[in-house]
Amino acid sequence: MAHWLVKSEPNAYSFDDLVRDGGTVWDGVRNNAAALHLKAMKVGEEVLFYHSQEGKAVVGLAKVARTAFPDKSDPTGRFVAVELKPVRPLKKEVTLADMKAEPKLAGMEMLRQSRLSVSPVSDEQWKTILKMAGG
DNA sequence: GCCAACGTTGGC
DNA sequence: GCCAACGTTGGC
């Protein structure tokens, strides 16, 4: 099973919003690299939910509820959306500073390319982050 | 098809 | 608020 990380500005859509809604369509991605990752997602795969700008931390776990389908909000029809459901909040947030300070996470895609809104997370990175979050 | 200019994202 | 990184656009 692959793992992923998605970013959202909590002002626009926070993890609490996802919990409140019980799930959401993850659309609005307008970047090819990110879209490729969306297309690779499978139902049931788990996703780290990261708050950018206000927060700068991984705050919760979500999972893929529906694989990629055409993003209705995209007039060109080139991009896709998925559906995500909340799993649980993390016991402890894992901040960007925490992740940068952890050598095991040095190769993380989201650290390498900070603007990428959807990125893959390796098994080892996944385990490391969950451990940092208090299990 | 190249590349400069511009816009957007996101960390600081 | 600034700036670096990166993607996109448009002139040539």
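A note on names: the letters A, B, ... follow the listed sequences, proteins ahead of strands, and every chain is numbered from 1. The structure displayed is predicted, hence computed values, not measured ones.
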Fill in: 4.5 Å side-chain heavy-atom contact, A:Val59 and A:Leu90
no
Round to the nearest Å and state the distance from [X] atom [atom1] to [N] atom [atom2].
X        : N      : atom1 : atom2 : result
A:Lys7   : B:dG11 : NZ    : P     : 5 Å
A:Arg30  : B:dG10 : CZ    : C1'   : 19 Å
A:Asn11  : B:dG10 : CG    : C1'   : 13 Å
A:Glu54  : B:dT9  : CD    : P     : 15 Å
A:Arg115 : C:dA5  : CZ    : P     : 12 Å
A:Glu9   : B:dT9  : CD    : P     : 8 Å
A:Arg78  : C:dT9  : CZ    : C1'   : 12 Å
A:Met110 : B:dG10 : CE    : P     : 9 Å

Item to complete: Just compare C:dG7, B:dG10, B:dG11 and give me whichever is closest to any side-chain atom of A:Gln113.
Response: C:dG7
Worksheet, complete the sentence: Which of C:dG7, C:dC6, B:dC12 is nearest the side chain of A:Lys56? It is B:dC12
Discussion item. Ignoring hydrogens and geometry beyond distance, is a side-chain donor-acceptor pair present between A:Arg30 and A:Ser73 at under 3.5 Å?
Written reply: yes
Worksheet item: Do A:Asp98 and A:Thr95 have a side chain donor and acceptor closer than 3.5 Å?
Response: yes
Worksheet item: Under 4.0 Å between a side-chain N/O of A:Tyr50 and OP1 or OP2 of B:dG11, yes or no?
Response: yes
Discussion item. Mind checking if A:Asn31 touches a base, just sugar-phosphate, or nothing, with heavy atoms under 4.0 Å?
Written reply: sugar-phosphate
Worksheet item: Across the strands shown, which category fits A:Leu96 at heavy-atom distances under 4.0 angstrom: base, sugar-phosphate, nothing?
Response: sugar-phosphate
Worksheet item: Does a side-chain N-to-carboxylate-O contact under 4.0 Å join A:Glu124 and A:Lys127?
Response: no
